[in-house]
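Only this structure's heavy atoms are used, side chains among them; waters, hydrogens and symmetry mates stay out. Both counts, for ligands and for their atoms, begin at 1 and track the order of listing.
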Amino acid sequence: MSKKIKYLITGGAGFIGSNFVHYLFRKHKNIHVCVLDKLGYSASLANLKPYQDCKDFEFIKGDICDDKVVAKAMAGRQVVINFAAEVAVDRSIDDPQSFLKTDIFGVYTLLEEARKQKNFKKFIQISTDEVYGQILKGSFKENSETLPRNPYAASKLGGERIAYSFFKTYNLPVVITRAANNYGPAAYPEKVIPLFITNLSDGLAVPVYGQGKQMRDWLYVEDHCTAIDLLIKKGQDGEVYNVGAGEECTNIELTRRILKLMGKDQSLINFVADRPGHDFRYSLDCSKLKKLGWKQKYNLTDGLKLTVDWYKNNEAWWRPLKKNLDQRFVSGFWGEKK
Ligand SMILES: NC(=O)c1ccc[n+]([C@@H]2O[C@H](COP(=O)([O-])OP(=O)(O)OC[C@H]3O[C@@H](n4cnc5c(N)ncnc54)[C@H](O)[C@@H]3O)[C@@H](O)[C@H]2O)c1
């Protein structure tokens, strides 16, 4: 029998990380998965409940900036996917320091331990399209200029460049992904789609920043997972890969689509003050990833329907998280429209 592949999934109690754990166990046999997560505000252990008695699963509570805990979690691992990060742009504008710590120093700590492992196969650094900054026309390619415009995006760029330097300097097999906005089951309800669904479930208005004219490309989380899985096998070391769905939509159009799916009318739209330096549009050219054989499965219509249904059927998951959510997210993080 072939030996088990040993994965380390950091941030695996969060949104994309936990979806990736589900994906791995659905798609692969002969694997062992260790999740390292500090269980921050956006994490939910309920996401990992299906594996609590699984002999091929281990959970370690800890911080990726802590070299001792990272050494323990990394021992004998062959594949690392680093999802752990401080993620919310609004929070990074409010308090940049924690972003610099986790999203740069934390990545460095993981890389240092990864390069001590024997038979190490792949380090996937999950980055974001926000590292490019905004683009008004056309789409970013992997070699486009990077001009991050908020502390979250700048920290993520720092983290991925440290990872690249470990490839160049120490030959560590690093692959970097830059993904578009993800949505789907188990996203923390401060993110726009689950925030709007859960607000509407409670009969509350939905806070739309500015005029809602910003454009985003929406990637269903399972499609992100299939891309990462493919890149573990086929991604070229030292390379960056864009991961987007090409499902562009303005925020106001997205809001109207959610209202319609929830059977609510437009009187529940509340235009609020815009985020400072709000990026207007992101768009990714994903031909490099597609050449490796990746194809997305979900368009925005199908993905949104699945997401709305998931939140309708999983109130017990989101209610405790929503209860503790900073109320600024619920009514508009930057306050009343000026
Ligand atoms: N959500 C998106 O739209 C999106 C898009 C592109 C890229 N990404 C990237 O994907 C990754 C996951 O994002 P997400 O949306 O699932 O976020 P999330 O907040 O749901 O999950 C992040 C997880 O990381 C954990 N974590 C945070 N700091 C940690 C630390 N110092 N040590 C250990 N664990 C820590 C949290 O507890 C949480 O469980 C991030 O790296 C993010 O930058 C997200």
Shortest protein contact, [atom] (heavy atom only):
| atom | answer |
| --- | --- |
| atom 40 (C) of ligand 1 | Phe83 O, 3.2 Å |
| atom 43 (O) of ligand 1 | Tyr152 OH, 2.7 Å |
| atom 20 (O) of ligand 1 | Phe15 N, 2.9 Å |
| atom 31 (N) of ligand 1 | Asp63 OD1, 2.9 Å |
| atom 34 (N) of ligand 1 | Lys38 N, 3.1 Å |
| atom 22 (C) of ligand 1 | Ala85 O, 3.9 Å |
| atom 21 (O) of ligand 1 | Gly14 CA, 3.5 Å |
| atom 3 (O) of ligand 1 | Asn182 N, 2.8 Å |

Positive for side chain to side chain contact (heavy atoms under 4.5 Å, CB included) with Val107, one of Leu110, Ile104, Leu111, Asp103: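 Between Val107 and the candidates, side chain to side chain contact (heavy atoms under 4.5 Å, CB included) is satisfied uniquely by Leu111.
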Under the side chain to side chain contact (heavy atoms under 4.5 Å, CB included) test against Ile81, which residue among Leu231, Ile126, Thr10, Thr177 passes?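 Looking at Leu231, Ile126, Thr10, Thr177, the match for Ile81 under the side chain to side chain contact (heavy atoms under 4.5 Å, CB included) is Ile126.
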Which is it for [X] and ligand 1 at heavy atoms under 4.0 Å: side chain, backbone, both or neither?
| X | result |
| --- | --- |
| Lys101 | neither |
| Lys191 | side chain |
| Leu219 | neither |
| Phe105 | neither |
| Ser127 | backbone |
| Val87 | side chain |

Hey, can you tell me if Phe140 and Tyr132 have their rings parallel, tilted or perpendicular (30° and 60° cut-offs)?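 Judged by the thresholds at 30° and 60°, the geometry between Phe140 and Tyr132 is parallel.
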Look at the rings of Trp317 and Tyr311 and say which category their plane angle falls in: under 30° parallel, 30 to 60° tilted, over 60° perpendicular.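 Plane angle over 60°, so perpendicular.
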Ring of Tyr164, cation from Arg161 - is the NZ or CZ under 6.0 Å from the centre and inside 45° of the axis?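 Yes, a cation-pi geometry.
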Cation-pi geometry met for Arg275 and Tyr209 (6.0 Å, 45°): no
In terms of atom number and element, which parts of ligand 1 are under 4.0 angstrom from non-hydrogen atoms of [X]?
| X | answer |
| --- | --- |
| Ala43 | 37 (O), 39 (O) |
| Ala13 | 39 (O) |
| Ala84 | 24 (O), 34 (N), 35 (C) |
| Ala180 | 5 (C), 6 (C) |
| Ile126 | 9 (C), 10 (O), 41 (O) |
| Ser42 | 18 (P), 19 (O), 20 (O), 21 (O), 38 (C) |
| Lys156 | 40 (C), 41 (O), 42 (C), 43 (O) |

Output the distance between atom SG (Cys54) and atom NE2 (His32), rounded to the nearest 0.5 Å.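 Answer rounded to 0.5 Å: 7.5 Å.
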Hey, are [Y] and [X] close enough side-chain-wise for a donor-acceptor pair under 3.5 Å?
| X | Y | result |
| --- | --- | --- |
| Ser98 | Arg91 | no |
| Asp67 | Thr109 | no |
| Gln211 | Asn251 | no |

May I ask whether [X] places a heavy atom under 4.0 Å from ligand 1?
| X | answer |
| --- | --- |
| Tyr41 | no |
| Gly106 | no |
| Leu39 | yes |
| Tyr188 | no |
| Gly62 | yes |

May I have the step-by-step check of side chain to side chain contact (heavy atoms under 4.5 Å, CB included) for Phe105 and Leu100, ending in yes or no? CA-CA 7 Å; Phe105 187 76; Leu100 270 68; over 6 Å; no
Looking at the rings of Tyr41 and Tyr188, which for Trp means the six-membered one, are their centres under 6.0 Å apart?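 Ring-ring flag for Tyr41/Tyr188: true, centres closer than 6.0 Å.
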Centroid-to-centroid, Tyr23 to His224, below 6.0 Å? no
Before you tell me yes or no, could you show the steps for Leu157 and Ser127 under side chain to side chain contact (heavy atoms under 4.5 Å, CB included), namely the whole-Å CA-CA distance, both residues' side-chain angles and the distance that decides it to 0.1 Å? CA-CA 7 Å; Leu157 183 62; Ser127 192; over 6 Å; no
N/O to N/O below 3.5 Å, does that happen between Ile64 and ligand 1? yes
Among Phe15, Phe20, Tyr7, exactly one meets ring-ring contact (aromatic ring centres under 6.0 Å, His included) together with Phe83. Which residue is that? Phe20
Determine, stepwise, if the pair Gln117 / Arg115 fulfils side chain to side chain contact (heavy atoms under 4.5 Å, CB included). CA-CA 6 Å; Gln117 306 308 310; Arg115 76 185 180 95; over 6 Å; no
If hydrogens are left out, which of [options] has an atom nearest to [atom], that is, the closest non-hydrogen atom?
| atom | options | value |
| --- | --- | --- |
| atom 4 (C) of ligand 1 | Thr128, Asn181, Ile16 | Ile16 |
| atom 36 (C) of ligand 1 | Asp37, Thr102, Val35 | Asp37 |
| atom 24 (O) of ligand 1 | Gly40, Ala153, Gly11 | Gly11 |

How close do Ala227 and Val243 get, heavy atom to heavy atom, and via which atoms?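 Minimum heavy-atom contact is CB-CG1, 3.6 Å.
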